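To keep things clear, I will list the structure first and then write my remarks on it.
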Amino acid sequence: MTLNIFILFKVLIYKTIVSRPILHLVPFFTLFIYSGFSFSQTASVDSLKSLLPGKSAQEQVILLNQIATSIRENSQIEALDYSHKADSLAKMLGDLSGQSRALENIGWVYYRQGQWQKSFEYSERAYDLAMQANDQLQAARLMNNMGALYYEQQNFQLAIIQFKKGYELATKVNDLATRIRSLNNVALNLVQSNQLDSAMAYARLSIKLNENAGSPYLTSFANRVIGDVYLAKGNYDSAQAIYVRALDMAQTQGVKSFEAGVLHRLGNAYLMAGKLDQAEKLLRYSIDLCGENGFLDELSKSHRYLSQVYEARGNIQEAFFHQSQYLALNDSLLNKSNRDRLALLQNMFEKNLEESELELLKAQNENQAYRLQTSRRYTIFFAITAFLVGILGLRLFFLNKNVRSINADLIAQQQKIEEQNLALENQSGQLLEMNETKNKLFSILGHDLRGPISQVKSVVDLLLAGHLTKEEFAELLLLLNKDIDSVNFTLNNTLKWSMSQMDGFQVNPSTFDLREVVDNSLKLLQASFNEKKLTIFNQMESKVEIFADQDLIEVVVRNILNNAVKFSNDGDAVTIYSDTDDHWAYWCVLDQGVGMNDEQIQILLTDSYSLTKSKPGTKNEKGSGLGLQLAKEFTRKCGGEITIDSHPGHGTKFCIRFPRAESALQAQAAKCEKIFKA
């Protein structure tokens with residue numbers, strides 16, 4: 001999700017990101033798609049070009065594809081030119097494999113350029129041609145290309161499936177290079193899925209197989225994946241050694257894009273190990289290299305890690321400069337990435353719609369052709385057998401029976417077509433809902449986050465420009481802190497909502513103490529309580545054990561308590577209490593605030609998921625409209641149930657029922673599934 005946020009707030013997010021494993025924000029172009037030719041062959045590109053004149057058309061297709069494959073990593077415009085020539089020549093010759101190879105190169109160049117929609121279109125056409133030509137090796141390569149597109153959607157499980165299919169096809173045709181390529185891609189996606197031990201196993205298997213292939217690029221890529229695993233596990237010395245080996249290979253081969261991908265990783269490993277001098281020297285070199293070659297993603301990460309180096313040394317001015325550079329570059333890259341990912345998802349969805357429509361038209365045409373063919377046969381039959389009146393009656397009987405059967409089949413097919421049309425309409429409606437949700441999300445990010453952050457930035461700019469004294473700035477700190485708290489709360493809700501909408505989102509229930517979660521949330525909201533002079537009566541039992549996903553329940557508790565604060569008046573009281581029975585725990589929050597009417601309660605508790613416009617609090621506190629929706633959705637995902645009792649002007653009572661054991665959770669889940677099916 002693209003978060004267009006500015007300097008002070010980004011520092012908070014930056015702190016959060018740095019504390020997590022390295023699996024976030026892996027540069028998109030690090031996915032390894034090996035073409036079948038080692039990088040040592042790039043030296044022979046000139047010799048390949050010299051062979052083109054005088055060769056037959058078929059031989060020229062092969063040479064053009066070899067040249068395009070060899071230069072597509074470093075000379076993309078030239079690679080496109082050679083690929084288009086190969087495509088045109090192969091199409092004229094009817095060479096399906098040659099045309100597929102040309103389209104594969106074009107799709108890969110577009111992939112490197114971040115034009116995923118075009119990459120998807122060319123890769124799909126190339127795969128169809130490879131299957132028509134029964135070229136399993138080419139199909140194996142294209143499985144890796146399609147897996148790369150799933151990788152860009154961050155659908156790592158589907159990407160792994162594609163890469164494993166590519167490995168199986170390459171094994172059948174005994175193509176060692178494509179097998180190693182597929183193993184490296186599986187390892188990279190396993191790292192993204194936090195399956196570190198499995199990623200290590202696949203990378204080591206790739207290196208072992210490459211002992212026979214002898215490709216240093218293949219080995220260096222596998223070493224980089226192993227370095228990522230070591231870094232994620234906190235084994236910094238091993239990570240440094242592996243990264244140094246991969247960097248030496250990249251520099252020896254002269255592949256600057258891969259060298260840039262290793263540099264910032266090695267710099268981060270030095271940083272984590274406290275080797276600040278080595279980290280600074282390496283990251284400064286990385287910034288120069290990436291800036292000269294336009295490697296923006298790697299450039300942003302080099303600025304980010306160098307900012308951490310200066311922060312560790314206490315050089316705040318340099319740290320601030322490099323952090324600002326990182327944030328500006330990262331925002332631009334994430335904005336483009338999400339736009340391209342949305343276009344790719346929409347293109348794939350429209351492609352499925354088009355295929356369904358074509359299938360319907362094909363079925364209708366076949367039915368019409370069958371009816372016309374049957375009619376002609378009847379006419380010829382009647383002309384020939386007109387004089388056989390006696391036999392004609394018997395024949396008509398059987399023909400009539402056959403016609404009834406055909407008509408029944410046609411009616412059944414027509415019903416099936418109508419059902420498919422209805423399904424297409426439903427899919428179109430779902431797409432419209434997705435677009436509406438997307439627009440609402442962008443509105444939240446653009447409106448509810450930009451205002452407070454712009455205000456914080458303005459104050460900081462005034463301070464840096466010398467227009468504010470430190471005393472004046474200190475007076476504004478409380479207001480700035482309030483804005484930052486608001487943005488932080490909205491952003492956390494938005495991130496949790498976005499994660500819940502992703503494929504593969506899972507609920508991980510366990511037994512934990514609800515009282516502890518509530519106490520922690522009360523501490524976080526203490527400043528808000530003090531601001532409105534609220535009295536908090538926490539009458540919960542000393543220990544309330546429930547069986548649910550603790551991360552999701554923390555979001556639920558925090559949002560309900562925040563809602564109570566938001567709509568309470570100065571000097572009000574907020575009462576919290578709990579109760580339990582054999583199977584359920586009940587948790588309630590009662591405030592004396594503005595309350596809600598029945599229509600508002602009905603909208604909040606509806607079975608469908610809707611993003612509504614948030615109303616301002618009693619002190620004009622702003623919100624995104626996601627908080628209570630998240631509370632409702634996450635409560636139901638954990639097998640719980642939420643109820644609301646409220647009257648305008650007399651406060652609101654939120655009560656949530658949580659399961660205390662796994663058996664209660666399963667019973668509630670079965671009940672919800674039954675209601676959904678009904």
Side-chain angles (χ1 to χ4, degrees), residues 31-41 58 61-66 68-70 72 83 86-87 90 93-108 111 119-151 155-191 193 195 198-219 221-222 225:
L31 191 65
F32 175 61
I33 304 294
Y34 179 61
S35 63
F37 296 86
S38 68
F39 277 81
S40 62
Q41 289 177 296
Q58 187 65 57
V61 170
I62 296 174
L63 288 173
L64 288 169
N65 280 329
Q66 287 179 346
T69 301
S70 299
R72 69 185 190 183
S83 297
D87 176 40
L93 296 173
D95 180 5
L96 299 182
S97 292
Q99 190 180 357
S100 175
R101 186 63 177 274
L103 295 179
E104 176 205 354
N105 282 328
I106 294 173
W108 182 244
Y111 172 79
S119 176
F120 169 75
E121 293 171 355
Y122 279 98
S123 298
E124 185 179 49
R125 286 169 54 196
Y127 181 76
D128 291 340
L129 291 171
M131 296 306 293
Q132 292 177 36
N134 196 25
D135 189 343
Q136 293 189 354
L137 175 56
Q138 181 64 11
R141 295 191 186 102
L142 286 161
M143 282 291 97
N144 281 268
N145 286 29
M146 298 302 287
L149 291 169
Y150 282 116
Y151 171 89
N155 194 336
F156 304 121
Q157 295 304 317
L158 283 180
I160 289 172
I161 292 173
Q162 299 298 315
F163 294 134
K164 287 184 176 180
K165 287 180 180 178
Y167 177 79
E168 293 172 359
L169 288 172
T171 302
K172 288 181 180 179
V173 297
N174 197 27
D175 183 78
L176 182 60
T178 305
R179 290 174 64 195
I180 298 170
R181 160 193 180 185
S182 303
L183 290 173
N184 281 339
N185 286 329
V186 171
L188 179 61
N189 279 267
L190 287 171
V191 171
S193 304
Q195 302 177 52
S198 298
M200 179 73 78
Y202 275 94
R204 286 177 173 169
L205 177 58
S206 169
I207 293 174
K208 183 177 180 181
L209 290 178
N210 195 34
E211 292 175 356
N212 297 325
S215 169
Y217 184 74
L218 289 166
T219 301
F221 187 91
V225 173

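Predicted model, so just to flag it, every value in this text is computed and none were measured. This chain uses plain numbering: 1 for the first residue, then up along the sequence.
Closest approach of Y167 and S182 over heavy atoms only: N-OG, 3.5 Å. When all heavy atoms are compared, the tightest approach of G98 to A90 is C-CB, 3.8 Å. Of all non-hydrogen atoms in F163 and V186, the two that sit nearest each other are CB-CG2, 3.5 Å. Summarising the geometry of A86 relative to A102, their closest heavy-atom pair is CB-CB, 3.9 Å, with the distance given to 0.1 Å. In terms of heavy-atom proximity, L188 sits nearest to V225 at N-CG1, 4.3 Å. Of all heavy-atom pairs spanning A187 and A199, the tightest one is O-CB, 3.4 Å.
With rounding to the nearest 0.5 angstrom, the CZ atom of R179 is 7.0 Å from the CG atom of N174. Interatomic distance, CD1 of I106 versus CZ of R72, reported as 11.5 Å (0.5 Å rounding). Considering CZ of R204 and CG of L183, their distance stands at 14.5 Å, rounded to 0.5 Å. Between the CE atom in M200 and the CG atom in L205 there is a gap of 13.5 Å [rounded to 0.5 Å]. Once rounded to the nearest 0.5 Å, the distance linking CG of N185 with OG of S206 reads 9.5 Å. Summarising the geometry, atom CG belonging to L142 is positioned 11.0 Å from atom CD belonging to Q162; distances are rounded to the nearest 0.5 Å.
Looking only at distances, no side-chain donor or acceptor of D95 sits under 3.5 Å from a matching main-chain atom of Q58. Put simply, the side chain of S100 never gets that close to the backbone of L96: no donor and acceptor are under 3.5 Å apart. A donor-acceptor pair is defined here as one N or O able to donate and one able to accept, closer than 3.5 Å; no such pair exists between the side chain of R101 and the backbone of V61. Side-chain N or O atoms of S119 include one that pairs as donor or acceptor with a backbone N or O of G107 at under 3.5 Å.
Taking 4.0 Å as the cut-off between side-chain N and carboxylate O, K165 and E168 do not count as a salt-bridged pair.
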task = Could you walk me through whether Y202 and Q195 pass the side-chain contact (heavy atoms from CB on, under 4.5 Å) test, one step at a time?
result = CA-CA 11 Å; Y202 275 94; Q195 302 177 52; over 6 Å; no
request  = List the steps and the verdict of side-chain contact (heavy atoms from CB on, under 4.5 Å) for Q138 and L129.
outcome  = CA-CA 9 Å; Q138 181 64 11; L129 291 171; over 6 Å; no
inquiry  = Under the criterion side-chain contact (heavy atoms from CB on, under 4.5 Å), I'd like the reasoning laid out for Y111 against N145: C-alpha separation, chi angles, the key distance, then a yes or no.
reply    = CA-CA 9 Å; Y111 172 79; N145 286 29; over 6 Å; no
